[in-house]
Amino acid sequence: NALKSRGPRSAGGKARASRNAIRHGLAANIWKEASAVSSIEGLMQLFRAGGHSEQNARLAAVAEFQTRSIRIVRSRIGKQLCEAADGCAPDGSLVKDLMRLQSIDRYEKRVSSRKKRVFRQMQRETWPA
């Protein structure tokens, strides 16, 4: 089956395909953005002030930053859905926005499970058995 695969051939098609993973920015490398790094460092300092290890503080800060990013994207899509429902948006955009909202769910589930795991570890640090 892979031998039959053709993929994009034109320069425009290749350019579109190269941007598939970064439509909403949730899969982007957050360490390349100075604002993201400074936000994560600030969150990490808050967790460190609570007496948590550096590793757990960093993991918790990244999870919290990603959670906030997902909420921002979800809010933006929600606003677009409201505009589409009011008839202010072009035709067909309602379905696209619903599909985008559904695609964000996997990012949210992944971050949520990471966050739970890190916070359980942090709780064990704070409350030894």
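Only heavy atoms go into these numbers, but all of them, side chains included; no hydrogens, no water, no symmetry mates.
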Next on the checklist: Glu108: which residues meet the side-chain hydrogen bond (donor to acceptor under 3.5 Å, both in side chains) condition with it, sequence neighbours left out?
Outcome noted: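 For Glu108, the residues satisfying side-chain hydrogen bond (donor to acceptor under 3.5 Å, both in side chains) (neighbours in sequence not counted) are Arg74.
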For [X] and [Y], work out which heavy atoms get closest and say how close.
X: Met122; Y: Ala60; value: SD-CB, 3.6 Å
X: Ser53; Y: Arg48; value: C-NH1, 3.3 Å
X: Lys14; Y: Arg9; value: CE-O, 3.6 Å
X: Gly51; Y: Glu125; value: O-OE1, 4.3 Å
X: Ser35; Y: Ser38; value: O-OG, 2.9 Å

Between [X] and [Y], is there shared hydrophobic-cluster membership here, with clusters defined by ILVMFWY side-chain heavy atoms closer than 4.5 Å?
X: Tyr107; Y: Ile77; answer: yes
X: Val62; Y: Val111; answer: no
X: Ile30; Y: Val73; answer: no

Item to check | Counterpart residues, salt bridge (Lys or Arg N to Asp or Glu O under 4.0 Å), relative to Arg114 (two or more places apart) | outcome: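 Arg114 satisfies salt bridge (Lys or Arg N to Asp or Glu O under 4.0 Å) with no residue once adjacent residues are dropped.
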Item to check | Partner set under salt bridge (Lys or Arg N to Asp or Glu O under 4.0 Å) for Lys109, not counting sequence neighbours | outcome: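 Asp105.
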Checklist entry - Are any side-chain N or O atoms of Ser69 and backbone N or O atoms of Phe65, one a donor and one an acceptor, separated by less than 3.5 Å? => result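 Checked: pair present.
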Any non-hydrogen side-chain atom of [X] less than 4.5 Å from a side-chain atom of [Y]?
X: Trp31; Y: Ile40; result: yes
X: Glu64; Y: Val118; result: no
X: Arg124; Y: Gln121; result: yes

Checklist entry - Taking it one step at a time, do Gln66 and Lys115 satisfy side chain to side chain contact (heavy atoms under 4.5 Å, CB included)? => result CA-CA 10 Å; Gln66 290 175 330; Lys115 201 172 178 179; over 6 Å; no
Checklist entry - Parallel, tilted or perpendicular: which describes the rings of Phe47 and His52, with under 30° parallel and over 60° perpendicular? => result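 Geometry flag for His52 against Phe47: perpendicular rings.
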Please report the interatomic distance [atom1]([X]) to [atom2]([Y]), rounded to the nearest 0.5 Å.
X: Leu59; Y: Glu54; atom1: CG; atom2: CD; result: 10.5 Å
X: Arg68; Y: Ile72; atom1: CZ; atom2: CD1; result: 9.0 Å
X: Ile104; Y: Arg76; atom1: CD1; atom2: CZ; result: 8.5 Å

